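One structure is given below, encoded as structure tokens.
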Amino acid sequence: MKVLIVEDERSMAAEIEAFLTKAQYSCDLAFTAREGLEKIEDNAYNFILLDLGLPDKDGLMLLKEARKSCPDAACIILSARGQLEDRIKGLDLGADDYLPKPFSLLELQARMQAVLRRKFGMQDATIVIGDFKVDLQKRTVSCNDEADIALSKKEFDLLSYLLLHKNRPVTRMQLSEHIWGGFADDDYDSNYIDVHIKNIRKKLSARAPVDWLQTVRSVGYKVKI
Amino acid sequence: MKLFTKLTLFITLSKLAIVALFVWLLPFLVNRIAFQYNDYYLKMQKKKVLQVIGKSGIDAYLQGEPSYGSYTMLKEEYISLEPAGKIPVPDTITTQQRVVEGDTLTYRVLSYTFRDHQHSYMLEIGKTTASIGQYNQPLQRVALYVLIALIVSTIVLDFIYTRLLLRPLSAIIHKRLQQAKFPFKEIPPPLQTTTTDFRYLDDALTALMGQVREAFEKEREFTANASHELMTPIGILQHKMENLLIEELPEATEKRIMDMMKTLQRLKKIVHSLLLISRIENNQFPLSDSFAVSGLVTEVREELEHRLVEQQLSFRMQLPGKAVLTSLNHDLIFQLVYNLLNNAIRYNKPGGAIIVSETNLPGKPYQLHIRDTGIGIPKEALGSIFQRFKKVEKKENEGYGLGLSIAHTIAKYHDIEISVASTPGEGTVFTLTFPGEAQRLP
């Protein structure tokens with residue numbers, strides 16, 4: 001999976017690259033729009049992560065070019081300008097998603113997965129974990145081909161987010177930001193994430209052990225495979 | 001009152017006043033002129049008589065008689081010539097009563113004493129006052145008619161001309177002030193007028209609108225830039241920490257990174273809130289949404305459901321009116337209600353209640369009340385709760401003191417009056433008074 005990161009902040013680009021490389025993406029970096037254009041012309045990317053505030057050209061211009069020369073690439077706009085119009089313009093010009101800065105890297109990966117699923121349907125939509133089968137498309141969890149286990153929307157979102165970031169500790173903050181988005185409030189110590197996790201465990205363990213869903217002390221939770 | 005109305009009223013009233021004054025003075029004036037002319041006429045008659053005497057001698061009249069007198073047919077005029085007494089009488093023109101052949105008539109009489117061949121004579125020429133004023137009435141009537149015709153035609157002319165003259169002013173008011181919407185993205189073309197004052201006014205307003213728009217754009221640019229400059233480093237830090245957490249780290253280190261992330265999260269929230277306030281204050285949110293109040297409150301409630309459950313709070317929504325509010329920004333009002341409800345949850349007691357109700361009377365501004373049974377706000381703190389970075393009471397799950405400040409900014413932006421009443425230990429009510437009456441869901 002080839003990703004082009006167009007971002008003028010070098011250290012941010014480097015962190016994104018490090019994170020995505022670990023998640024088995026191969027990354028190219030471009031720090032200016034010109035560089036970005038060259039790379040788009042020379043390579044076939046699956047993904048373009050595009051910052052709008054580039055030093056030489058507006059990122060939206062680059063987006064137009066990318067649509068022409070790399071029509072198959074999925075594009076996610078990363079912007080710190082935070083203006084609604086940028087978002088609308090970007091999506092109008094064919095971007096697949098828009099992520100306002102600062103964003104969580106985990107959220108970025110989740111969005112990329114979602115875009116891939118939506119756009120190419122290429123992701124394996126079922127994940128097998130322990131005795132459980134999780135269908136991300138149908139949003140169901142089943143155990144040993146028995147009837148589906150009824151999880152609430154938020155419970156399913158939490159579970160799939162943890163599954164996506166398997167073998168990695170996910171903090172309560174990252175979880176609540178994913179579930180509640182911008183409205184995730186300032187009460188991260190509050191235990192509503194724990195309440196949801198407890199419910200998930202209770203519902204799943206009625207069928208089979210859930211030792212793969214681990215608590216990471218003082219951090220959050222982790223799905224261990 | 002409009003300038004045009006004022007001018008028209010003034011013109012009409014002032015002209016009517018002048019007419020009234022003239023009508024009131026007219027009989028007097030006409031009378032006076034008639035009398036003056038009559039006096040002049042009497043003097044001319046006297047002159048003629050003296051000329052006749054000078055030419056033909058006094059006997060032309062007396063013809064040997066001691067005195068002479070003559071009347072016209074209807075006794076309107078008379079002339080008499082008599083020997084005067086020894087005592088000299090001054091020459092006068094007076095109004096006197098005379099008895100003529102049994103009738104008492106009022107005359108205007110000229111008396112003149114003169115000498116002729118060692119004899120003194122007194123000449124009297126008289127004319128009845130009734131005949132003096134005989135043309136007064138028709139004269140007055142004609143004068144009045146002419147005057148009224150003149151006044152009416154000038155009023156009509158004034159009316160038409162004022163209307164024409166003031167047309168550019170109404171165009172300015174309509175196009176520049178009533179139609180123009182902040183932040184004046186489209187400025188209509190300059191006005192066509194030959195009146196320099198209006199030209200100046202129009203140009204000044206256009207320039208002013210241009211300046212406002214420019215300032216608005218600058219502010220907007222600044223917020224975008226500030227947002228970018230602040231959010232980028234926060235983003236970098238966040239990414240570095242997230243990447244660190246992936247590594248296998250000792251638990252103590254992980255905990256420290258967590259603490260750092262929490263602090264960073266806090267910074268992020270504050271910057272977000274300040275930018276939001278700044279954007280609202282720069283009018284960057286269009287006020288063009290309409291929505292049902294109950295729908296909005298339900299949306300907010302769904303967002304906060306988990307916290308209601310967590311604190312075992314009961315939530316009651318008493319909004320039977322199906323009220324619909326217009327000319328608002330949905331996202332901002334959502335945030336406003338969210339912040340107030342969030343507050344109601346945060347400062348509630350376990351097992352407490354939150355009640356959202358309304359006052360929706362026809363012809364009265366719509367009011368939304370958010371009541372909680374929480375810890376309440378001490379009286380001395382009530383005045384400052386909407387200020388930035390003020391906290392009501394230290395609590396474990398402390399906010400950053402911007403929630404109510406944002407609520408206040410949003411309310412102000414929408415002309416919503418936000419008020420608070422609280423009894424410490426019993427609860428708090430926030431009341432939003434919207435600028436107008438609510439519409440009803442069909």
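As the structure is a computational prediction, the values presented were derived from the model and not from experiment. Note on naming: letters A, B, ... go to the chains in the order of the sequence lines (proteins, then strands), and numbering restarts at 1 for each one.
- Counting only distance, with no hydrogens or angles, the side chain of B:H239 and the backbone of A:A14 share no donor-acceptor pair below 3.5 Å.
- A distance of 5.5 Å separates CE in A:M12 from OG1 in B:T232, rounded to the nearest 0.5 Å.
- Within 6.0 Å of atom CE in A:M61, 12 or fewer heavy atoms from other residues, nucleotides or ligands are found, so the atom counts as exposed in its surroundings.
- Note: A:D194 CG to B:E310 CD = 9.0 Å, rounded to the nearest 0.5 Å.
- Counting heavy atoms from C-beta on, the side chains of B:E242 and A:Q174 come closer than 4.5 Å.
- A:R34 CZ: 12 or fewer foreign heavy atoms inside a 6.0 Å radius.
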task = Might you work through the salt bridge (charged side-chain N to carboxylate O under 4.0 Å, His left out) test for A:R168 and B:E247, ending with a clear yes or no?
result = CA-CA 9 Å; A:R168 235 187 239 163; B:E247 323 270 334; over 6 Å; no
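- The pair B:K268-A:E177 counts as a salt bridge, with a side-chain nitrogen and a carboxylate oxygen less than 4.0 angstrom apart.
- Once rounded to the nearest 0.5 Å, the distance linking NZ of A:K154 with CD of B:E305 reads 8.5 Å.
- Few gaps surround CZ on A:R111; more than 12 heavy atoms of other groups in view lie less than 6.0 Å from it.
- Heavy atoms only, all atoms of each residue included: B:K240 and A:S11 are closest at NZ-CB, 4.2 Å.
- In this structure, NZ on A:K22 lies 5.5 Å from CD1 on B:I246, to the nearest 0.5 angstrom.
- Distance CD/A:E7 to CD1/B:I236: 7.5 Å, rounded to 0.5 Å.
- For A:K2, the NZ atom is densely surrounded, since the number of other residues' heavy atoms within 6.0 Å is greater than 12.
- Of the listed residues (A:G220, A:P169, A:A18, A:S104), the one with the most heavy-atom contacts under 4.5 Å to chain B is A:S104.
- Tested against A:V219 for a side-chain contact (heavy atoms from CB on, under 4.5 Å), the candidates B:E254, B:M261, B:K255 yield a single pass: B:E254.
- Scanning both residues, B:G235 and A:P102, for their nearest heavy atoms gives CA-CB, 3.4 Å.
- Rounded to the nearest 0.5 angstrom, A:E17 CD and B:N243 CG are separated by 10.5 Å.
- With a 4.5 angstrom heavy-atom cutoff, A:V216 touches chain B only via side-chain atoms.
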